[in-house]
Asker: 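Attaching a single structure in structure tokens format; questions to follow.
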Protein chains: 2
Amino acid sequence: MGLVKTEIFNEQQNEIALFAKVFGHPARVAILQHLFKIDTCICGDLVIEIGLAQSTISQHLRELKQLGLIKGNIEGTSVCYCIHKENWMQMKKVMHQFLDQDISDETCC
Amino acid sequence: MGLVKTEIFNEQQNEIALFAKVFGHPARVAILQHLFKIDTCICGDLVIEIGLAQSTISQHLRELKQLGLIKGNIEGTSVCYCIHKENWMQMKKVMHQFLDQDISDETCC
DNA sequence: TTCATTAATCGTAATATTGCAATGAAACAA
DNA sequence: TTGTTTCATTGCAATATTACGATTAATGAA
């Protein structure tokens with residue numbers, strides 16, 4: 001199948017999974033880290049920085065953009081990509097809620 | 001290709017991506033939430049709770065176990081699964097470091 | 001022993017993802 | 001205009017993932 005049965009899970013579970021999935025590739029992690037570091041960026045930089053083909057990077061950027069985590073402004077012939085700060089903070093809330101669930105002290109196994 | 005070029009990324013980036021990938025499926029998110037909620041569990045519960053085939057749940061449990069996020073103790077004919085608390089906290093550190101990167105105030109786009 | 005229960009594993013089909021070369025499209029320079 | 005640069009898109013091929021039925025292995029009950 002290779003097809004996720006989204007309909008049997010609730011909205012929150014699907015949202016967490018969507019965010020996590022986009023972080024589930026080291027290239028996208030590296031892109032985001034680079035954008036945080038230099039705080040503004042053009043795509044060409046990333047191709048050199050990361051070491052994948054230009055079309056591959058462009059594809060990863062599109063996925064990040066589709067989820068709203070980055071935005072890109074066209075500046076002449078190049079594109080300025082950066083973190084979408086409001087959406088990043090929103091995403092953080094969702095992920096923290098999941099990661100920071102209470103661990104009770106009861107020992108089971 | 002369908003094959004991630006792990007070798008061009010650093011250890012931290014690959015580790016973040018591995019953790020994120022395992023959270024990138026709503027069934028695994030749901031399994032973890034359930035384990036947190038009831039704090040001890042057997043696999044059969046999960047099959048009813050989640051609504052996927054037993055073999056599918058078993059597969060997801062294996063992935064979570066392989067990453068060390070859960071552990072399973074055999075108890076008679078059933079298996080008691082629960083969160084691996086130490087490893088979960090360790091994972092949280094790694095993910096927080098990534099999610100909580102500083103967002104500078106400079107506006108770029 | 002035989003039967004039932006539980007969960008892991010195997011095999012397989014359907015679909016998704018990754019990566020790249022080739023091509024397009026838009027902006028700018030000469 | 002023509003060429004150049006920059007990035008997006010398209011069209012693959014290779015591999016990975018998801019899901020399930022069937023089977024296996026292990027335990028416990030009768």
Side-chain angles (χ1 to χ4, degrees), chain A residues 1-9 13-14 17-31 34-35 40-67 70-82 109, chain B residues 1-9 13-14 17-31 34-35 40-67 70-82 109:
Chain A
M1 321 253 155
L3 175 64
V4 178
K5 284 192 160 182
T6 314
E7 69 278 8
I8 67 173
F9 303 102
Q13 289 162 341
N14 283 315
L18 269 185
F19 282 133
K21 201 156 107 179
V22 91
F23 298 143
H25 192 293
R28 292 190 289 264
V29 170
I31 287 172
H34 193 65
L35 287 181
T40 178
C41 194
I42 55 168
C43 178
D45 277 8
L46 288 167
V47 174
I48 296 160
E49 176 79 13
I50 311 269
L52 290 169
Q54 181 265 323
S55 57
T56 307
I57 297 289
S58 192
Q59 218 169 220
H60 285 306
L61 286 168
R62 186 173 47 187
E63 286 182 69
L64 290 167
K65 202 161 45 176
Q66 265 170 359
L67 259 188
I70 64 173
K71 48 188 171 180
N73 269 35
I74 296 167
E75 290 194 355
T77 88
S78 63
V79 178
C80 162
Y81 276 109
C82 60
C109 26
Chain B
M1 320 253 153
L3 176 64
V4 177
K5 285 191 157 181
T6 314
E7 68 278 6
I8 68 173
F9 303 102
Q13 289 161 341
N14 283 315
L18 268 185
F19 282 132
K21 202 157 107 179
V22 92
F23 298 142
H25 193 293
R28 292 189 290 264
V29 170
I31 287 171
H34 192 66
L35 287 181
T40 178
C41 194
I42 56 168
C43 179
D45 277 7
L46 288 167
V47 174
I48 295 161
E49 176 80 13
I50 312 267
L52 290 170
Q54 180 265 324
S55 57
T56 308
I57 297 289
S58 193
Q59 217 169 221
H60 286 306
L61 286 167
R62 184 173 48 187
E63 285 181 70
L64 290 167
K65 202 161 46 177
Q66 264 169 359
L67 259 188
I70 64 173
K71 48 186 172 181
N73 270 35
I74 297 167
E75 289 194 356
T77 88
S78 63
V79 178
C80 161
Y81 276 108
C82 60
C109 26

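Just so it is clear: chains get the letters A, B, ... in the order the sequence lines come, proteins before strands, and each one is counted from 1.
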Asker: Hey, does Leu61(A) have a side-chain heavy atom less than 4.5 Å from the side chain of Val79(A)?
Answerer: no
Asker: Using the test salt bridge (charged side-chain N to carboxylate O under 4.0 Å, His left out), find all partners of Glu49(A) that sit at least two apart in sequence or belong to another chain.
Answerer: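 Expected list: none.
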Asker: In whole angstroms, how far is the P atom of dA8(D) from the CD atom of Glu63(A)?
Answerer: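 Going from Glu63(A) (CD) to dA8(D) (P), I get 13 Å.
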Asker: What is the 5' to 3' range of DNA chain C, first to last nucleotide, that sits under 4.0 Å from any heavy atom of chain A?
Answerer: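 Nucleotide range in contact with chain A: dA13(C) to dC28(C).
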Asker: Does a side-chain heavy-atom distance below 4.5 Å link Ser55(A) with Gln59(A)?
Answerer: no
Asker: Do the side-chain N or O atoms of His60(B) get closer than 4.0 angstrom to the phosphate oxygens (OP1, OP2) of dT17(D)?
Answerer: no
Asker: Please name all residues satisfying side chain to side chain donor-acceptor pair (under 3.5 Å) with Lys65(A), sequence neighbours left out, ordered by chain then number.
Answerer: Tyr81(A)
Asker: Out of curiosity, Ile8(B) CD1 to Gln13(B) CD, how far, rounded to the nearest 0.5 Å?
Answerer: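 With rounding to 0.5 Å, CD1 (Ile8(B)) is 9.5 Å from CD (Gln13(B)).
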Asker: Does dC7(D) have OP1 or OP2 sitting under 4.0 Å from an N or O in the side chain of Arg62(A)?
Answerer: no
Asker: If you look at every heavy atom in Ser78(B) and Ile42(B), which pair is closest and at what distance?
Answerer: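 Result for this residue pair: OG-CG2, 3.8 Å.
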Asker: Can you tell me how far CD1 of Ile57(A) sits from CD1 of Ile50(A), rounded to the nearest 0.5 angstrom?
Answerer: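 Those atoms lie 5.0 Å apart.
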Asker: Where do N or O atoms of nucleotides 20-24 of chain D meet protein N or O atoms at under 3.5 Å, pair by pair?
Answerer:
from: dC20(D); atom 1: OP1; to: Lys5(A); atom 2: NZ; distance (Å): 2.5
from: dC20(D); atom 1: OP2; to: Ala53(B); atom 2: N; distance (Å): 2.9
from: dC20(D); atom 1: OP2; to: Thr56(B); atom 2: OG1; distance (Å): 3.2
from: dG21(D); atom 1: N7; to: Ser55(B); atom 2: OG; distance (Å): 3.4
from: dG21(D); atom 1: O6; to: Ser55(B); atom 2: OG; distance (Å): 3.1

Asker: May I ask you to say what Ser78(B) touches in the nucleic acid, namely base, sugar-phosphate or nothing, with a heavy-atom cut-off under 4.0 Å?
Answerer: sugar-phosphate
Asker: Applying side-chain contact (heavy atoms from CB on, under 4.5 Å), can you list everything that pairs with Thr56(B), at least two apart in sequence or on another chain?
Answerer: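 Per chain and number, Thr56(B) pairs via side-chain contact (heavy atoms from CB on, under 4.5 Å) with Leu52(B), Ala53(B), His60(B).
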Asker: Specify the residue among Ile42(A) and Gly2(A) whose closest nucleotide of DNA chain D lies further upstream toward the 5′ end.
Answerer: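 Comparing both residues, the 5'-ward one is Ile42(A).
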Asker: What is the distance, to the nearest angstrom, from the CD1 atom on Ile57(B) to the C1' atom on dT18(D)?
Answerer: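 Computing the Ile57(B):CD1 to dT18(D):C1' distance gives 12 Å.
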Asker: Kindly compute the distance separating SG (Cys43(B)) from CD1 (Ile31(B)), expressed to the nearest 0.5 Å.
Answerer: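 Taking SG in Cys43(B) and CD1 in Ile31(B), the distance rounds to 8.0 Å.
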Asker: Does a nitrogen or oxygen in the side chain of Tyr81(A) sit under 4.0 Å from OP1 or OP2 of dT6(D)?
Answerer: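 Checking dT6(D) against Tyr81(A), no side-chain N or O comes under 4.0 Å of OP1 or OP2.
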Asker: What is the distance, rounded to the nearest whole Å, between atom CG of Asp45(A) and atom P of dT6(D)?
Answerer: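 Asp45(A) atom CG is separated from dT6(D) atom P by 10 Å.
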Asker: Applying salt bridge (charged side-chain N to carboxylate O under 4.0 Å, His left out), which residue pairs with at least one partner in residues 55-64 of chain A are found, sequence neighbours left out?
Answerer: Arg28(A)-Glu63(A)
Asker: For Thr6(B), enumerate each residue passing the side-chain contact (heavy atoms from CB on, under 4.5 Å) test, keeping only those at least two apart in sequence or located in another chain.
Answerer: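 Listed in chain order: Val4(B), Asn14(B).
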Asker: Would you mind telling me which residue lines up with the more 5' stretch of DNA chain C, Val4(A) or Val4(B), judged by nearest nucleotide?
Answerer: Val4(A)
Asker: Are there any protein N/O atoms within less than 3.5 Å of an N/O atom in nucleotides 28-30 of chain D, and if so, which ones and at what distance?
Answerer:
none

Asker: Please figure out whether Leu3(B) or His25(B) has its closest DNA chain D nucleotide nearer the 5' end.
Answerer: Leu3(B)
